[in-house]
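Notes for the one structure printed next.
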Protein chains: 2
Amino acid sequence: MNKSLKRMATMNRMQVTGLELFYKKGYYNTSVDDILKELSLSKGAFYYHFDSKEDFLIQIIENLLTRKVYSMLIEPIEGHSNTLDLITECFDDALETAVHNEMDYGFILSNFINEFNGRNPEIMKHLNNIMQIWEVNLVGALQKGKFNGNIDRHVDAEGVAVYLISSYIGIRTLMVETAPSARKYRYMSQLRQYLKSMEPRNITV
Amino acid sequence: MNKSLKRMATMNRMQVTGLELFYKKGYYNTSVDDILKELSLSKGAFYYHFDSKEDFLIQIIENLLTRKVYSMLIEPIEGHSNTLDLITECFDDALETAVHNEMDYGFILSNFINEFNGRNPEIMKHLNNIMQIWEVNLVGALQKGKFNGNIDRHVDAEGVAVYLISSYIGIRTLMVETAPSARKYRYMSQLRQYLKSMEPRNITV
DNA sequence: GAAGTTACCGACCGACTGGTCAGTTTAAAG
DNA sequence: CTTTAAACTGACCAGTCGGTCGGTAACTTC
């Protein structure tokens with residue numbers, strides 16, 4: 001195999017396993033040795049490819065986590081259908097995969113925010129960055145909805161985006177705790193009602 | 001000083017400082033020595049009063065955390081005014097204290113849930129317990145609101161409770177990240193709109 | 001005032017942490 | 001074949017962790 005290909009393959013394997021374990025056990029509770037045992041690799045291999053445990057995490061965030069948020073939460077609402085329907089479907093799908101994870105540990109991004117807030121500003125910068133991308137894209141989608149006439153023009157797009165993100169973070173935390181399926185169902189029906197209240201009012205006062 | 005009084009005073013000092021540090025740095029990232037240094041006490045004193053670090057945490061949860069949730073999130077909505085107003089005011093107050101914490105680390109309860117989920121079922125039991133108490137009380141308040149005619153009788157109290165709790169957990173996480181005050185404002189205005197949609201419909205179809 | 005109890009001290013233990021490094025294996029290049 | 005550099009090994013280091021334990025000062029009880 002080509003040298004640089006092998007390098008990338010190994011680094012990627014490490015990152016995938018690393019993200020998995022950081023997600024399950026938290027960053028500080030996962031030792032570098034834990035990851036290496038899973039991969040049957042040695043300490044030397046790890047520090048050959050990465051400068052430090054922190055550098056390793058940053059690369060995971062930049063490579064894997066960002067991509068995950070894009071594919072699960074951003075791209076699905078970029079379509080041409082009714083924005084409110086796209087958001088509903090996107091949230092429904094995202095929560096459904098969470099329900100089907102036999103072992104769910106919550107929304108990775110908010111787990112990380114909780115773990116690093118006030119402890120590691122460098123990591124927080126990277127996490128904030130992803131959250132901002134999500135927020136900006138949601139606001140954009142909502143504005144497009146207003147422009148297309150699917151959303152009432154009086155709706156405060158930024159407020160709705162904050163409220164949607166909040167509720168999503170929260171329900172993911174709640175689902176981890178008890179009765180995920182029932183909670184998802186209740187959440188989705190309330191979400192639908194909330195979004196319905198944003199449809200254009202045909203009756204002008 | 002009476003011996004048992006001294007015992008309680010010391011134990012309480014330890015718990016208060018423990019909760020503070022666990023909140024700031026997380027449970028696993030706070031060493032017993034960290035807490036003891038803050039109090040100028042020794043290892044021996046700690047293990048004289050508590051069986052283990054975990055036992056210490058459980059007592060903190062049972063004593064301090066439960067009381068905190070009661071006084072901030074449950075008792076304020078037990079009044080006789082309009083339930084929706086009470087909820088609005090309660091959430092507003094809770095978020096306002098978060099804004100004024102110059103160093104905010106999020107909603108303790110959800111931080112703990114994130115840290116212990118899948119790692120420590122014993123602790124999770126105690127945390128779930130508090131969440132359930134909160135949920136039950138919220139549902140009760142909503143039902144009382146329906147009974148008193150402040151809330152439309154078609155409203156799904158359990159669904160709304162889940163949605164309220166979700167959004168609260170989420171906004172607390174978002175507020176630690178960026179622009180807490182602005183985010184609180186946006187959240188509260190959306191929350192008011194959401195709760196308004198539950199007022200009784202006077203016009204029957 | 002002797003004996004017992006409570007509250008606390010701090011040295012110490014063994015397991016584990018992130019990180020280093022001298023040295024070995026692999027495979028492509030000359 | 002020989003050279004070279006990349007990829008990897010695993011023993012090792014200093015430091016931290018939760019927890020133990022022998023000791024002791026202060027107060028109570030008899």
Side-chain angles (χ1 to χ4, degrees), chain A residues 1-61 112 115-116 119-123, chain B residues 1-61 63 112 115-116 119-123 126:
Chain A
M1 203 194 300
N2 184 312
K3 279 286 166 70
S4 81
L5 262 183
K6 174 155 199 194
R7 181 181 177 81
M8 282 183 57
T10 305
M11 286 177 81
N12 193 60
R13 272 200 326 136
M14 285 176 172
Q15 290 180 46
V16 169
T17 306
L19 179 58
E20 213 169 283
L21 291 182
F22 290 157
Y23 175 49
K24 281 186 192 162
K25 316 204 299 167
Y27 173 79
Y28 292 113
N29 274 312
T30 304
S31 70
V32 173
D33 282 330
D34 287 341
I35 299 162
L36 295 167
K37 197 190 288 175
E38 193 94 358
L39 293 163
S40 301
L41 284 171
S42 68
K43 266 274 174 69
F46 182 87
Y47 284 95
Y48 176 75
H49 289 295
F50 302 98
D51 293 344
S52 65
K53 194 188 178 190
E54 184 170 319
D55 167 59
F56 178 58
L57 176 64
I58 291 173
Q59 296 211 38
I60 287 179
I61 293 172
F112 277 166
E115 188 166 8
F116 294 109
R119 282 150 231 161
N120 193 323
E122 173 65 16
I123 301 292
Chain B
M1 201 194 302
N2 186 311
K3 278 288 165 68
S4 82
L5 263 183
K6 174 158 199 191
R7 180 181 177 81
M8 281 183 56
T10 305
M11 286 177 81
N12 193 62
R13 270 200 328 136
M14 284 177 173
Q15 290 180 48
V16 169
T17 306
L19 179 57
E20 214 170 282
L21 290 183
F22 289 159
Y23 175 48
K24 280 185 194 162
K25 316 205 300 166
Y27 174 77
Y28 293 112
N29 274 314
T30 304
S31 70
V32 173
D33 283 327
D34 287 341
I35 299 163
L36 295 167
K37 197 190 288 175
E38 193 92 1
L39 293 163
S40 301
L41 284 171
S42 68
K43 267 274 176 68
F46 183 88
Y47 283 96
Y48 175 74
H49 290 295
F50 302 98
D51 292 343
S52 65
K53 194 189 178 188
E54 182 170 320
D55 167 59
F56 177 59
L57 176 65
I58 290 173
Q59 297 211 38
I60 287 178
I61 293 173
N63 296 330
F112 278 165
E115 188 166 7
F116 294 110
R119 280 149 233 164
N120 193 322
E122 174 65 17
I123 301 291
H126 294 265

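By convention in this document, chain letters (A, B, ...) are assigned in the order of the sequence lines, proteins followed by strands, and residues within each chain are numbered from 1.
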>> Would you say S42(A) places a side-chain N or O within less than 4.0 Å of OP1 or OP2 belonging to dT9(D)?
In response: yes

> Quick one: K37(A) NZ to dT9(D) P, roughly how many Å, whole number?
Replying inline: 15 Å

Show the distances under 3.5 angstrom between N or O atoms of the protein and N or O atoms of nucleotides 12-14 of chain D.
none

>> If you compare every side-chain N and O of Y47(A) against the phosphate oxygens of dG19(C) (OP1, OP2), does one of them come in below 4.0 Å?
In response: yes

> Which one of L21(B), I60(B), L57(B) satisfies the side chain to side chain contact (heavy atoms under 4.5 Å, CB included) criterion with Y27(B)?
Replying inline: L57(B)

> Under 4.0 Å between a side-chain N/O of Y48(A) and OP1 or OP2 of dC8(D), yes or no?
Replying inline: no

> What's the CG-P distance between N29(B) and dT16(D), to the nearest Å?
Replying inline: 14 Å

>> Taking only side-chain N and O atoms of K53(A), does any of them lie within less than 4.0 angstrom of OP1 or OP2 on dG18(C)?
In response: yes

>> Are M11(B) and F50(B) packed together at the side-chain level, in the sense that at least one heavy-atom pair is separated by less than 4.5 angstrom?
In response: yes

>> Is there a side-chain contact between R7(B) and the phosphate of dT6(C), meaning an N or O under 4.0 Å from OP1 or OP2?
In response: no

> For the side chain of D34(A) and the backbone of S31(A), is there at least one donor-acceptor N/O pair under 3.5 Å apart?
Replying inline: yes

> Should E115(B) and I123(B) count as side-chain neighbours, where that means a heavy-atom distance under 4.5 Å?
Replying inline: no

> Within less than 4.0 Å of OP1 or OP2 of dT17(C), is there a side-chain N or O belonging to S31(A)?
Replying inline: yes

>> Under a 3.5 Å distance rule, please check whether N63(B) uses its side chain to pair with a backbone N or O of Q59(B) as donor and acceptor.
In response: yes

>> As a test of understanding, state which of F116(B), F22(B), F112(B) forms a ring pair (Phe, Tyr, Trp, His ring centres under 6.0 Å) with Y28(B).
In response: F116(B)

> Once you round it to whole Å, what is the distance between C1' of dC8(C) and CZ of F50(B)?
Replying inline: 14 Å

> To the nearest 0.5 Å, how far apart are NZ in K25(A) and CZ in R119(B)?
Replying inline: 9.0 Å

>> In whole Å, I'd like the distance from the CD1 atom of I35(B) to the P atom of dG19(D).
In response: 11 Å

> In residues 10-28 of chain B, what residues come within less than 4.0 Å of DNA chain D, judged by heavy atoms?
Replying inline: none

> Are any non-hydrogen side-chain atoms of F56(A) and V32(A) less than 4.5 angstrom apart?
Replying inline: no

> Which pairs count as salt bridge (Lys or Arg N to Asp or Glu O under 4.0 Å) when at least one residue sits in residues 38-59 of chain B, sequence neighbours excluded?
Replying inline: D33(B)-K43(B)

> Given that D34(A) and G44(A) both sit by DNA chain C, which one's nearest nucleotide is further toward the 5' end?
Replying inline: D34(A)

>> For a quick test of reading the model: is some side-chain N or O of H49(A) closer than 4.0 Å to OP1 or OP2 of dA6(D)?
In response: no

